[in-house]
Amino acid sequence: MLDMKVVRQNFTDVKAKLLTRGVKAEVLDTFLSLDENRRQKLVKVEELKKYRNTVSAEIAQLKRAKTDAAAKINEMKEVGSQIKVLDEQIQEIDQQVKDISYTLPNLPNDAVPVGKDEADNVEVRRWSKAPTFTFEPKPHWEIAEELDILDFERGAKVSGSRFVYYKGLGARLERAIYNFMLDTHVYEHGYTEMIPPYAVNEASMFGTGQFPKFKEDVFQLENSNLTLIPTAEVPLTNYYRDEILTQEQLPTYFTALSPSFRSEAGSAGRDTRGLIRLHQFNKVEMVKITDNQTSYDELEKMVQNAEDILQKLKLPYRVITLCTGDMGFSAAKTYDLEVWIPAQDMYREISSCSNCEDFQSHRAMIRYRDENEKVQYAHTLNGSGLAVGRTVAAILENYQNEDGSVTIPEVLVPYMGGQRKIVKI
RNA sequence: GGAAAGUUGGCAGAGUGGUAAUGCAGCGGACUCGAAAUCCGCCGAGCGGGGGUUGACCUCGUGCACGGGUUCAAAUCCCGUACUUUCCUCCA
């Protein structure tokens, strides 16, 4: 959520920036005039309330002195009804202001390239080269089904499309990967390991920006206000919701493995096969809560933490900066990491690291006291480190051999009980 | 799922209709070589306005879990919701 004062005082600038994110100009103009109107009425009603407070004190005096106060009481009845009318009007305007402000995306950082969609994203760097195959590389779902380590058919039978069973060494591989990721983040990158709730309440979904705008993207539990988390970012970032931290608590680094549940409404027909787009997938998430000075340094470090995983796995990838039109709702700046998927002959997103600046902390009220004891909004960052299912897909494809077997990346061998290869039984 | 109690400032804890005691903590000062103890003074979040500065400040409103209601006036009365704790039941 944007700071109302910032919007008001820098309206032209804010408007220009939000237009690059697809917000309509008239929405912003309405927003500004509603705010103006609200403040005018607020001044009036506050004057009346001040008057009421004064006279009420007088009434109390008269009552104590057992004097007649009927005249003042009658006057206050009138004032009271005026206050009520104004309060109702203000409340109504307030609601309209909120309805708009809840759906306005974050302001892009100045360094973010302006653009319409993913075609305007900017590549920052590449690491390693796509492997060359002496045979036609197969898509990961074919490799996996031949090795009997993934079962999409039975996933569909038991749950529906976009659900899968990992089986045998497939399940073992998934577990090896996320243990490796967690160990690396905890023991090398300094994150605190968490196991968060996998269902969260409405306030938490609002806090990180999923609600109210993106309700159709999630699985809502019936007859409750609980939602299955679409990412561990939600419970991790909301950990400090409605709290004021001390500066010593910052920066805080959290990491967690969790399943992520997404309805994938509107993506029918896309990535219908394989591990790329499922209703449920595992992800190791990184979240940082920082002060408002160091968050961009922390973002760079977080991206490096994610890259470190890919480098240790020796998976070719590239880093891109998302343009204004392609960024997520809460982000001020986002780097995506895209891993090489040989069978598709392209890079696919495997991590997304964002600095949300104070956008989420305004919603979730995550604050800290600075060295002057002043309350400041914290900055929040989140990034995948990494999407586990997509990592499995990348490994199966990049490490596949002509005979249908898959070599285990060196760094995972200890996590696989010494096993170096997955072969057909 | 059943029953009861509770939710007040950083913490503890009063307050059953007249506008939030008190203690601890914190800040400033005195005493002291310094510290502790003691004494004196100050301070109660947060949120939203207005004026002013540009982020020293002044001022008002709001604020006693949240949302409504009654009243000239609500922490106090009424209704609803959430959460916490304890007991019972159930259960990995």
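Proteins come first, then strands; the chains are lettered A, B, ... in the order of their sequence lines, and each starts at number 1.
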Return the value, rounded to whole Å, for the distance between atom [atom1] of [X] and atom [atom2] of [N].
X: A:I93; N: B:rG48; atom1: CD1; atom2: C1'; value: 15 Å
X: A:K44; N: B:rG61; atom1: NZ; atom2: C1'; value: 16 Å
X: A:Y368; N: B:rA45; atom1: OH; atom2: C1'; value: 18 Å
X: A:R38; N: B:rG61; atom1: CZ; atom2: P; value: 17 Å
X: A:K84; N: B:rC72; atom1: NZ; atom2: P; value: 11 Å
X: A:R241; N: B:rC83; atom1: CZ; atom2: P; value: 12 Å
X: A:Y51; N: B:rC72; atom1: OH; atom2: C1'; value: 12 Å
X: A:K63; N: B:rU19; atom1: NZ; atom2: P; value: 14 Å

Query raised in the report: Quick one: does NZ or CZ of A:K49 land under 6.0 Å from the six-membered ring centre of A:Y51, within 45 degrees of the ring axis?
Result: no
Report task. Would you check if the distance from the ring center of A:F206 to the ring center of A:Y102 is below 6.0 Å? Result -> yes
**Report entry** Aromatic centroids of A:F359 and A:F329 separated by under 6.0 Å
**Finding:** yes
Report task. Tell me which residues in residues 72-79 of chain A put a heavy atom below 4.0 Å from RNA chain B, sorted by number, or none. Result -> A:I73, A:M76, A:K77
Query raised in the report: Looking at residues 4-18 of chain A, who's got a heavy atom less than 4.0 Å off RNA chain B?
Result: A:K5, A:R8
Expected output: side-chain [X] to main-chain [Y] donor-acceptor under 3.5 Å:
X: A:T231; Y: A:E233; result: yes
X: A:K288; Y: A:P251; result: no
X: A:N121; Y: A:D326; result: no

Query raised in the report: Does OH in A:Y239 sit with more than 12 non-hydrogen atoms of other residues, nucleotides or ligands closer than 6.0 Å?
Result: no
Query raised in the report: Quick check: are there more than 12 heavy atoms from other residues, nucleotides or ligands sitting under 6.0 Å from CD of A:E153?
Result: no
Considering only the [atom1] atoms, how many Å lie between [N] and [M], rounded to the nearest integer?
N: B:rG44; M: B:rC27; atom1: C1'; result: 13 Å
N: B:rG29; M: B:rU85; atom1: C1'; result: 44 Å
N: B:rU70; M: B:rC77; atom1: C1'; result: 8 Å
N: B:rC60; M: B:rA20; atom1: P; result: 14 Å
N: B:rG15; M: B:rU7; atom1: P; result: 11 Å
N: B:rC11; M: B:rG26; atom1: C1'; result: 12 Å
N: B:rA25; M: B:rA36; atom1: P; result: 12 Å
N: B:rU76; M: B:rG63; atom1: P; result: 11 Å

Across all strands shown, which nucleotide pairs with [N] by Watson-Crick or G-U wobble geometry, both distances under 3.5 Å?
N: B:rC57; answer: B:rG51
N: B:rC64; answer: none
N: B:rG34; answer: none
N: B:rU7; answer: B:rA82
N: B:rA73; answer: none
N: B:rC39; answer: B:rG29

Report summary line: Assign each of A:G80 and A:N225 the nucleotide of RNA chain B bearing its closest heavy atom; nearer the 5' end lies the nucleotide of A:G80
Short N/O separations, protein against nucleotides 57-60 of chain B, under 3.5 angstrom:
none

Query - side-chain hydrogen bond (donor to acceptor under 3.5 Å, both in side chains): pairs with one or both residues in residues 190-200 of chain A, sequence neighbours excluded - result: A:Y191-A:N305
Report summary line: Closest to the side chain of A:R367, out of B:rC72, B:rG61, B:rG46, is B:rG46
Base, sugar-phosphate, or nothing for [X], non-hydrogen atoms under 4.0 angstrom?
X: A:V375; value: sugar-phosphate
X: A:L42; value: sugar-phosphate
X: A:Q91; value: sugar-phosphate

Whether the [X] and [Y] side chains hold a donor-acceptor pair (N or O, under 3.5 Å, no angle test) is what I'd like checked.
X: A:E243; Y: A:Y368; answer: no
X: A:S352; Y: A:D336; answer: yes
X: A:D87; Y: A:Q91; answer: no

Any Lys/Arg nitrogen of [X] or [Y] sitting under 4.0 Å from an Asp/Glu carboxylate oxygen of the other?
X: A:K98; Y: A:D94; value: no
X: A:K424; Y: A:E146; value: no
X: A:E285; Y: A:K283; value: yes

Pairs of donor and acceptor atoms involving the side chains of residues 387-394 of chain A, under 3.5 Å and at least two apart or interchain, shall be tabulated with distances.
residue : atom : partner : partner atom : Å
A:R390  : NE   : A:I276  : O            : 2.9
A:R390  : NH1  : A:E349  : O            : 2.8
A:R390  : NH2  : A:I276  : O            : 2.8
A:T391  : OG1  : A:A387  : O            : 2.6

Please enumerate all protein N or O atoms sitting under 3.5 Å from an N or O of nucleotides 52-55 of chain B, with distances to 0.1 Å.
residue : atom : partner : partner atom : Å
B:rG55  : N2   : A:K374  : NZ           : 3.2

Query raised in the report: Between B:rG61 and A:R52, is there an OP1 or OP2 to side-chain N/O distance shorter than 4.0 Å?
Result: no
Requested in this report: May I ask you to evaluate whether A:R39 reaches the phosphate of B:rG50, defined as a side-chain N or O under 4.0 Å from OP1 or OP2?
Outcome: yes
Report summary line: Result for side chain to side chain donor-acceptor pair (under 3.5 Å) between A:H189 and one of A:T184, A:T255, A:D308 points to A:D308
